[in-house]
Amino acid sequence: NLAVSQVPLVMQAASQSGNSITLTWSTTPTSMYQVQFITDLTQTNWTNLGSPIRATNFTWTASETMTNSQGFYRIAQLP
């Protein structure tokens, strides 16, 4: 098996269309990622959006329907 070098997780794009947000970030193939959401940055408990994602390429895109008027998103790389 060929080893795949770790690629730094970098948010490449975030765009909104109507009530949908689309996030694109750099990934390491076969690594696991979780999209998370929070409405207030003074909170500490982020909410997972959907299931963890196993990357199959060097970039990944996920879309989510926004249900709040304000929100913050992050991508967590799982162990």
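- Judged by distance alone, the side chains of T24 and T61 do bring a donor and an acceptor atom under 3.5 Å apart.
- W25 has its side chain out of reach of T59: every pair of non-hydrogen atoms, C-beta onward, lies at least 4.5 Å apart.
- To the nearest 0.5 Å, atoms OG (S26) and CG (N57) are separated by 11.5 Å.
- A donor-acceptor contact under 3.5 angstrom links the side chains of T42 and D40, judged on distance only.
- Atom CE of residue M66 and atom CZ of residue F37 lie 9.0 Å apart, to the nearest 0.5 angstrom.
- The nearest pair of heavy atoms linking P29 to T56 is CB-C, 4.4 Å.
- Taking all atoms of both residues into account, the shortest heavy-atom contact from T30 to R54 is O-NH1, 2.7 Å.
- Annotation for L78: hydrophobic cluster partners, listed by chain and number, are M32 (ILVMFWY side-chain heavy atoms under 4.5 Å, direct or chained).
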### Query
How far apart are the C-alpha atoms of I53 and W60, what are their side-chain angles, what is the distance that settles it, and do they pass the side-chain contact (heavy atoms from CB on, under 4.5 Å) test?
CA-CA 9 Å; I53 299 161; W60 197 268; 3.2 Å; yes
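- Under the 3.5 Å distance criterion, the side-chain polar atoms of E64 are left unmatched by any main-chain donor or acceptor of Y73.
- Hydrophobic clustering, with ILVMFWY side chains joined whenever heavy atoms are under 4.5 angstrom apart, keeps F72 apart from Y33.
- Applying the side chain to side chain donor-acceptor pair (under 3.5 Å) test to every pair with at least one member in residues 12-21, sequence neighbours left out, gives no pairs at all.
- With a 4.5 Å cut-off on side-chain heavy atoms, L49 and Q36 do not count as touching.
- Nearest heavy-atom pair, T28 versus A55, reported as atom, atom and distance to 0.1 Å: O-CB, 3.5 Å.
- Put simply, the side chain of S31 never gets that close to the backbone of Q77: no donor and acceptor are under 3.5 Å apart.
- The cluster map of Ile, Leu, Val, Met, Phe, Trp and Tyr, joined by side-chain heavy atoms under 4.5 Å apart, puts M11 and V35 in the same cluster.
- There is no path of hydrophobic side-chain contacts, each under 4.5 Å, that joins I38 to L9.
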